[in-house]
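Beneath this line is the structure, given in structure tokens, with notes to follow.
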Amino acid sequence: MRNQIIVCENHQEIGDVVATIFAESTTTKPNCVWGLATGASPIPVYKKLCDFYEAEDLDCSQVTTFNLDEYAGRGPGDPDSYYEFMHQHLFDKIPFKKNYLPDAKHSTELDELNESGIRYDAIIDKVGGIDIMLVGIGTNGHIAFNEPSDIISKGTQGVILTEQTRHDNALKFYDGNIDAVPKYALSMGMMSILQSNKIVLIANGPAKALAIRNALYGPITPKCPASLLQLHPNVTFVVDEAAYSLCK
Ligand code: PGA
């Protein structure tokens, strides 16, 4: 299958389109394995999935999910964790078979994060890998917390966040307070992400325009992790006009 680009009018429409893709995956394979993302981009996707569930148009009782990443030292009970984000927006509203997130709560050193990442990858392998993976994109082209680098990351591992990413996330979630954003995280690697059967990338707003152009049409390089998706045979980019504006 050729990679697909769907240009939507706005963020809400991105949510509708992507939620429909994920809902359809459960029709063709009820015990589907989803990879899920956090951040501002996927919120309308999760809202629409909840609408489908409430309308009895979605059954996730056999679906297993794996999240892309978690901040070091955060987890269940911490309102700023990705664990709580996912419960607030999706997992407390729709019953799933099982929801996994990288376990970084008791890991603040890279070695400990790496060991936790190995355990996470073993669980993904055990269920047979990820059928459909939802990813956002950072303004610097990162995917999950795979930051621009000279090397391609492999499995789930401890990462050091860039100042750019900490700055972006501070603006979005912490009133610009960069000290509220941890310096480390646990993130699925690019190789793991590329092993998913299908990948759906979402992006909205003008701040993502350069990253989207580089991801779709730039050189394939870990300096722009999203460009590595060009190597995958089944990726759908679902973007709004503003995020697509530099591709015309
Ligand atoms: P966002 O983050 O959805 O909050 O814009 C995306 C990302 O940084 O991967």
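Both counts, for ligands and for their atoms, begin at 1 and track the order of listing.
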Mind checking salt bridge (Lys or Arg N to Asp or Glu O under 4.0 Å) for Asp175 and listing every partner two or more places apart, or none if nothing turns up?
none
Would you mind checking if Lys172 and Asp168 are paired as a salt bridge, meaning a charged N to carboxylate O distance below 4.0 Å?
no
Between Arg119 and Asp103, does any NZ, NE, NH1 or NH2 come within less than 4.0 Å of an OD or OE carboxylate oxygen?
no
Can you confirm whether Val200 sits close enough to Val135 that some side-chain heavy atom of one is under 4.5 Å from a side-chain heavy atom of the other?
no
Taking the six-membered ring for Trp, are the ring centroids of Tyr83 and Phe91 within less than 6.0 Å of each other?
no
By chain and number, the residues contacting ligand 1 below 4.0 angstrom (heavy atoms only) are Gly39, Ala40, Ser41, Gly136, Ile137, Gly138, His142, Lys172, Lys208
Is a side-chain donor-acceptor pair under 3.5 Å present for Asn169 with Tyr71?
yes
